Structure formats: structure tokens, C-alpha cells
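Heavy atoms only: backbone and side chains are in, while hydrogens, waters and symmetry mates are out. Everything quoted here is computed from the prediction, not taken from an experiment.
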There are 2 protein chains.
Amino acid sequence: MTDFVLDEFLPYQLAVLAERTSREFSALYRERFGISVAEWRVLAHLSQSGTVGVREIHARAAMDKSKVSRAAARLQAQGLIAKKTDPRDRRLVALSLTDRGRALVDQILPLARAYEAEVEARLGPARASALREALQALQKGGSQ
Amino acid sequence: MTDFVLDEFLPYQLAVLAERTSREFSALYRERFGISVAEWRVLAHLSQSGTVGVREIHARAAMDKSKVSRAAARLQAQGLIAKKTDPRDRRLVALSLTDRGRALVDQILPLARAYEAEVEARLGPARASALREALQALQKGGSQ
DNA sequence: GCAATTTCGTTGCACTTGCAATGAATGCCG
DNA sequence: CGGCATTCATTGCAAGTGCAACGAAATTGC
């Protein structure tokens, strides 16, 4: 009964755009390299942080830990990552890229940069950086 | 190797935030009203446009048409929407809210506005409108 | 007017996902 | 030290999802 406009509702807007961009980008690696979005996300994390636990990806990427766990299992089965239990805390699983995994990431990263550039071109530099800034702020949870 | 920073990669950033906000918001209606995110999205569309086809929601909300179709089936089973075939074009299915559906939407909308307000408060007005503006722009420039 | 093509929504099927429960390992605190 | 609570990652299971295939209906081009 009110002035609610779906197209301006943030969760909706974010979901639509996330779906579109993730899908658009995944088209670039999906069939060519045979990995899914969830798997790419795990790989990307590993390429950033070297060796990471399931828990950390779960928290940072907002993926359910079972989703991370299973994506990791699939990647391991493909020989792209290694899983070994941390000797200091044997509950933890240390994920890391294998050589093949690193090689794959190195093939995908240029695609990621290209896609990023294309999106920025669509937006224009001013809006692009404003978007980035706002998204970062939202992530932190505050207005700082 | 490169200057790729996952936290600044747009598809990733959007996916993380979309997941977080959708989940956070859905917590407000999910168990209370027993509907899922997909179902809420269909309801929200109907509340905006009166009577809509599956195809339109599919296109605008970036939901697979089977996802829309099945969400609609579940909503119909719950008596929240009505499905009738368009007499002018009998391939089309016209979705519309039932009275019960309208009543449910009227209960959820205040929650949506409250959540929206909270997010805006987190961001601050300047960033909030910048975000909105950028997201709108991305929507227009994207693929259909 | 009719065959070929396109559009629309649904469905079969394999796979993924979310959630809760589990097992293993650690931390806590008396 | 020893029991209890907590933290991790995995897994069972039901439900949801994506994709391709399908049937029905409309549109196109001849």
C-alpha cells in the first residue's frame, strides 16, 4: 500500500546484479575450465591468501561451510588444491593451491581483470569507484 | 603475480553482499511466514505489477524460469497467488496475488522498509544514494 | 493456409545446497 | 588433571536448482 519500489530495494537489487555478473563472468571459465562459481571462489581465495582454512572462506565469502567444504573436495578431486590438516590444531584443514591449481588461476585471472575492466567501462570511472567504496563500507557494516 | 584483489572484484563483492543482505532480510520473514527468498521475490513482483507472466519475472529478477515457475507453484499451493492462462495468448500464465497473498505482502512490506532504512543508516545517506545510482546504472548497461 | 520456427511455461534428472547432526580436536575452568 | 563446552570440518538428508528437453501455442515466411 505504500511507496515500496522493488527495483530500489537493496537486497533485491544486489541479488539481481550479483546473479547477472557472476553468471556473465562464470561463462568465461565455466565450460572452458570445468569449474563452478563456488569452486572459483575457493580458488580465488587461495590465490590471495596462500593457505586458508574452510572457516575463513566461509566467513569472508558468505558461503555456507558445507558449500566450501564440498567445493574444496571437488577441487581436490580435480587435483587443483591440496588439503592437509594443520599440525598445530588438527581440527583445521589447510587448503592450498597445487601447481596445477596455480596454473589454472593464472589463466583465469586475466579474464577476471578483463571482465572487471569491462564493467568499469560500462559504469564510468566515477560511478565505478563510488560503487566500490559503498560496497566496501557495507561490508564493514558501518558508515566508516 | 598481479594486482588482482579479490575483495575488490565486483562479481565477488556483489555476491557476498547479496548473500548477506538477502539472508539477513529473509530472516525477518522466513520462519515467521514460511516463505523462501525465491517466493518472496515473486510476491514482491506481483505486488508491484499486479499481474505478471513467468517470463517477465525471469527476465527482471535474473531468476531461471524454472525457478520462477516452481516458486509460483509453491505459492499457489499455499493459496497466496493465482495462476490463470491468458486468454489472448494461451502460452502465457498470468500470476496475481490472492487476498491472502496481498495480506501477506502487506505484512512483509513494513519489514522491507525497515530493513532498507537500517542499511541506509549503516551506509549514510551520501553513500547510500551513490550505491543506488551505480546499481541502477549497472542494471541498464547489462545484458538482457 | 500451412510447414517451419519461435516463444512460453513446465518437467525430468542429476547435481548442488542448506540445515542439522556428527565426530574429532581443542579450550576452559574448577 | 578431567569433565564440559566450544570450535571445525564433514556428511545425511530433504529440498531447491540449473539445464536441457518437451508439449502447447503463437508467429513467421512462403
Side-chain angles (χ1 to χ4, degrees), chain A residues 15-16 18-20 22-27 29-31 34-42 45-46 51-78 81-96, chain B residues 15-16 18-20 22-27 29-31 34-43 45-46 51-78 81-96 144:
Chain A
V16 170
E19 178 65 23
R20 288 222 177 102
S22 272
R23 185 169 286 263
E24 209 172 3
F25 176 56
S26 75
Y29 59 75
R30 186 187 124 109
E31 123 238 46
I35 64 172
S36 69
V37 174
E39 285 154 25
W40 150 251
R41 243 161 238 166
V42 170
H45 255 277
L46 296 186
T51 171
V52 185
V54 169
R55 160 84 186 160
E56 194 174 338
I57 301 179
H58 155 64
R60 307 227 303 158
M63 293 167 67
D64 190 275
K65 53 186 181 169
S66 67
K67 194 175 179 179
V68 177
S69 176
R70 291 193 253 239
R74 290 189 297 257
L75 289 170
Q76 186 190 31
Q78 296 176 66
I81 71 171
K83 285 165 58 175
K84 72 184 250 272
T85 62
D86 185 329
R88 296 166 177 277
D89 182 341
R90 307 224 307 274
R91 291 169 306 180
L92 301 183
V93 173
L95 303 175
S96 58
Chain B
V16 171
E19 176 66 22
R20 288 223 176 100
S22 272
R23 184 170 287 264
E24 209 172 3
F25 176 56
S26 75
Y29 59 76
R30 187 187 125 106
E31 124 239 45
I35 64 171
S36 71
V37 174
E39 285 155 24
W40 151 251
R41 242 161 239 166
V42 170
L43 289 179
H45 255 276
L46 296 187
T51 173
V52 185
V54 169
R55 160 84 185 159
E56 193 175 339
I57 301 180
H58 155 64
R60 309 225 304 158
M63 291 167 68
D64 190 276
K65 55 185 181 170
S66 68
K67 195 176 178 178
V68 177
S69 175
R70 290 194 254 239
R74 290 188 299 258
L75 289 170
Q76 186 190 32
Q78 296 177 66
I81 71 170
K83 286 166 56 175
K84 72 182 247 276
T85 62
D86 184 331
R88 296 167 176 276
D89 182 342
R90 307 225 308 273
R91 292 169 305 179
L92 301 183
V93 172
L95 304 175
S96 59
Q144 245 46 273

Atom pair distance, as rounded to whole Å: [atom1] in [X] and [atom2] in [N]:
{"X": "B/Arg88", "N": "D/dA25", "atom1": "CZ", "atom2": "C1'", "result": "16 Å"}
{"X": "A/Arg74", "N": "D/dT11", "atom1": "CZ", "atom2": "P", "result": "13 Å"}
{"X": "B/His58", "N": "D/dT17", "atom1": "NE2", "atom2": "P", "result": "15 Å"}
{"X": "A/Glu39", "N": "D/dG18", "atom1": "CD", "atom2": "C1'", "result": "15 Å"}
{"X": "B/Met63", "N": "D/dG16", "atom1": "CE", "atom2": "P", "result": "12 Å"}
{"X": "A/Asp86", "N": "C/dA24", "atom1": "CG", "atom2": "C1'", "result": "14 Å"}
{"X": "B/Asp89", "N": "C/dG9", "atom1": "CG", "atom2": "P", "result": "9 Å"}
{"X": "B/Leu95", "N": "C/dG9", "atom1": "CG", "atom2": "C1'", "result": "10 Å"}

A/Leu95 side chain near A/Leu75 side chain, heavy-atom distance below 4.5 Å: no
Side-chain (A/Ser26) to main-chain (A/Arg23) donor-acceptor, under 3.5 angstrom: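 Judged by distance alone, yes, a pair lies under 3.5 Å.
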CD1 on A/Ile57 to NZ on A/Lys65, rounded to 0.5 Å: 14.0 Å
Residue pair B/Ser22 / B/Arg41: nearest heavy atoms and the distance that separates them: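 Closest approach of B/Ser22 to B/Arg41, heavy atoms only: OG-NH2, 3.0 Å.
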Nearest non-hydrogen partners of B/Ala62 and A/Glu19, listed with the distance: O-CG, 3.3 Å
5' precedence on DNA chain C between B/Ala94 and A/Pro87 (nearest-nucleotide basis):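 Here B/Ala94 is the residue nearer the 5' end.
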Residue B/Lys84 excluded, over 12 heavy atoms near NZ under 6.0 Å: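 No.
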Within 6.0 angstrom of B/Arg74 CZ, more than 12 heavy atoms from elsewhere: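 Enclosed.
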What's touching nucleotides 19-23 of chain D from the protein side, N or O pairs under 3.5 Å?
| unit_1 | atom_1 | unit_2 | atom_2 | d |
| --- | --- | --- | --- | --- |
| D/dC19 | OP1 | A/Arg30 | NH1 | 3.2 |
| D/dC19 | OP2 | A/Arg23 | NH1 | 2.8 |
| D/dC19 | N4 | B/Ser66 | OG | 3.4 |

Residue whose closest nucleotide on DNA chain D lies nearer the 5' end, A/Glu56 versus A/Glu19: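 Comparing both residues, the 5'-ward one is A/Glu56.
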Mutual orientation of the aromatic rings belonging to A/Phe25 and A/Trp40 [parallel < 30°, tilted 30-60°, perpendicular > 60°]: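 The arrangement is perpendicular - the two ring planes meet at more than 60°.
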side-chain contact (heavy atoms from CB on, under 4.5 Å) between B/Ile35 and B/Gln78, worked out: CA-CA 10 Å; B/Ile35 64 171; B/Gln78 296 177 66; 4.1 Å; yes
Would you list the protein and nucleotides 5-7 of chain D atom pairs, both N or O, that sit under 3.5 Å from each other?
| unit_1 | atom_1 | unit_2 | atom_2 | d |
| --- | --- | --- | --- | --- |
| D/dT7 | O2 | A/Arg91 | NH1 | 2.9 |

N or O in side chain of A/Lys83 less than 4.0 angstrom from D/dT10 OP1/OP2: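 So the side chain of A/Lys83 is within the cut-off, an N or O lying under 4.0 Å from OP1 or OP2 of D/dT10.
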